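Written below as structure tokens is the structure these notes are about.
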Amino acid sequence: MQDTSHTGLDGELTYCNPRKEKEGEGILDTGNRNPYHRRPYRLLGRKIGGFHERSPAKTKRLEGHPWESVDLPFTVGGFRARAFPVDHSVPGAVAFAVENPEGLVVYTGDLRFHGRDSWRTEAFLQAMERDEVFLLIAEGTRLGQRGKARTEAQVKEALHHAIRQHPDAPIVIDFAPRNLERLESCLEAARDLGRELVVTPKDAYLLWGLSDVDPQYWEILKAIHVIREPKARMTGWEENLWSHLRPQDVTMEQVARDPGSFLLAFGFYELPRLLDLRLHRGPDPEGLYIFSNSYWADEEQILDLQVLLNWLKALNFRLLPENLAQLPRDPGAVDNPYHTSGHAPEEDLVQLVRRLRPRHLLPVHTEHPEKWRELLRGEKTCVLLEPSSRTVGG
């Protein structure tokens, strides 16, 4: 993600671009040929390939800390810890359990029970149920949202149905770039209906990197097409992608000639590519734009939704779900059969706490930490709120 983005200091997470002061100017400069420096990373229980050693630039080397694999359990700062892969919309989500004389300190990270890997979250809970949990640090993104979550299998079924109803139309599916579980659902639906899934070069590059630690992403790479556009100059990561990986490529002109043979995994920032489609194809037939993403939450993002609607009208694409086109005040309240959250709803979070029976609960990643007091009333767990708040019984 860092290679393909224009990041500053705050985005240099996997490697940094050291700055030096220009003599006599008082300006910090990276220099064109000064090497990047890898930050130290350890991958839990996985063998590592060579992707992380490849520089994203043409003229700068990538040096520094070699990445290493770490067996489980592992030690950090003198503490023995275990890590448990859990179900989430983004790959690599992990819960941690750190051993403490008072009992385990457990951090859930982001997790859910309704995705393709729900068994991972269940395995984590089963492993923890046998131990005494002193402190549970629990996410609560969807506290206040009741009822069962839609499963990824249901999302795939809805996508399949929508695509099947428009056999010859150009179809775009908009989902978060790191939601690779959704990409798998789109790939499977496309295969079933005789279409080829088309992704952006950035998507393919991310899959390439992840294939270093998980071979399933290599299998996905072999099954997809990558959109290729004429460019006067390529960046270093783009040259690496096309010259070393050599993915199956397709142009917008090819898509325009036979739109019913492709399924385009494009998002908001790929809208200009749909303009290229219409320049080659013309306004017919009507296209379908399936919004399979999380909803916007603030006024600026609602303006983005209006921009999206204007583009789709000009390009003759119909938006699904249709009620999103009414610019609802609370887009999150719109029932969208083409999306499900990466986080557990309230009922599942409560069951998680009851199964682990922690002595203390520290809420994180939530706008409603006080909800835990209501939800755990009568339980033995003590809920720890902000320092200004007193510790209260569940």
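Residues take their numbers from the sequence shown, with the count starting at 1. All figures in this text were calculated on a predicted structure; none of them were measured in a lab. Note: hydrogens, waters and symmetry copies are ignored here, and every other heavy atom, side chains too, is used.
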Run the side-chain donor-acceptor check on residues 259-272: report pairs under 3.5 Å with partners two or more places apart or on a different chain.
| unit_1 | atom_1 | unit_2 | atom_2 | d |
| --- | --- | --- | --- | --- |
| S261 | OG | D258 | OD1 | 3.3 |
| S261 | OG | D258 | OD2 | 2.4 |
| E270 | OE1 | G267 | N | 2.9 |

Donor + acceptor pair across side chains of S292, R182 (<3.5 Å):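 Yes, side-chain donor-acceptor contact under 3.5 Å.
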Co-members of the apolar cluster containing V213 [side chain, <4.5 Å]: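 Besides V213, the cluster holds L13, Y41, L43, I48, W67.
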Minimum-distance pair of heavy atoms, taken over all atoms of S55 and N240: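 The answer is O-ND2, 3.1 Å.
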D212 versus G50, closest heavy-atom pair with distance: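 Taking every non-hydrogen atom into account, OD2-N, 3.2 Å.
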Ion pair check, E188 and R191, cut-off under 4.0 Å: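 Looking at R191 together with E188, the answer is no, because their closest N to O distance does not fall below 4.0 Å.
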SB check E229 R273 (cutoff 4.0 Å):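 Result for this pair is yes, salt bridge flagged.
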Within residues 275-286 or reaching into it, pairs that qualify as side-chain hydrogen bond (donor to acceptor under 3.5 Å, both in side chains) - sequence neighbours excluded: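 For residues 275-286: none.
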Within residues 221-255 or reaching into it, pairs that qualify as ring-ring contact (aromatic ring centres under 6.0 Å, His included) - sequence neighbours excluded: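 Matches after skipping sequence neighbours: Y205-W237.
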ring-ring contact (aromatic ring centres under 6.0 Å, His included) contacts in which one or both residues fall within residues 128-168, not counting sequence neighbours: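 Sorted pair list: F134-H360.
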Output field: ring centroids F96/Y107 closer than 6.0 Å: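 Aromatic pair excluded; centres sit 6.0 Å or further apart.
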Name the atoms and distances for all side-chain donor-acceptor pairs under 3.5 Å in residues 73-86, with sequence neighbours left out.
| unit_1 | atom_1 | unit_2 | atom_2 | d |
| --- | --- | --- | --- | --- |
| R80 | NH1 | E99 | OE2 | 2.4 |
| R82 | NH2 | D131 | OD2 | 3.4 |

Contact check, side chains of P170 and F317, non-hydrogen atoms, under 4.5 Å: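 Yes, side chains in contact.
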Non-hydrogen side-chain atoms of V250 and V226 separated by less than 4.5 Å: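 Contact flag for V250/V226 side chains = no.
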From E12 atom CD to S5 atom OG, the distance as rounded to the nearest 0.5 Å: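 OG of S5 is found 12.0 Å from CD of E12.
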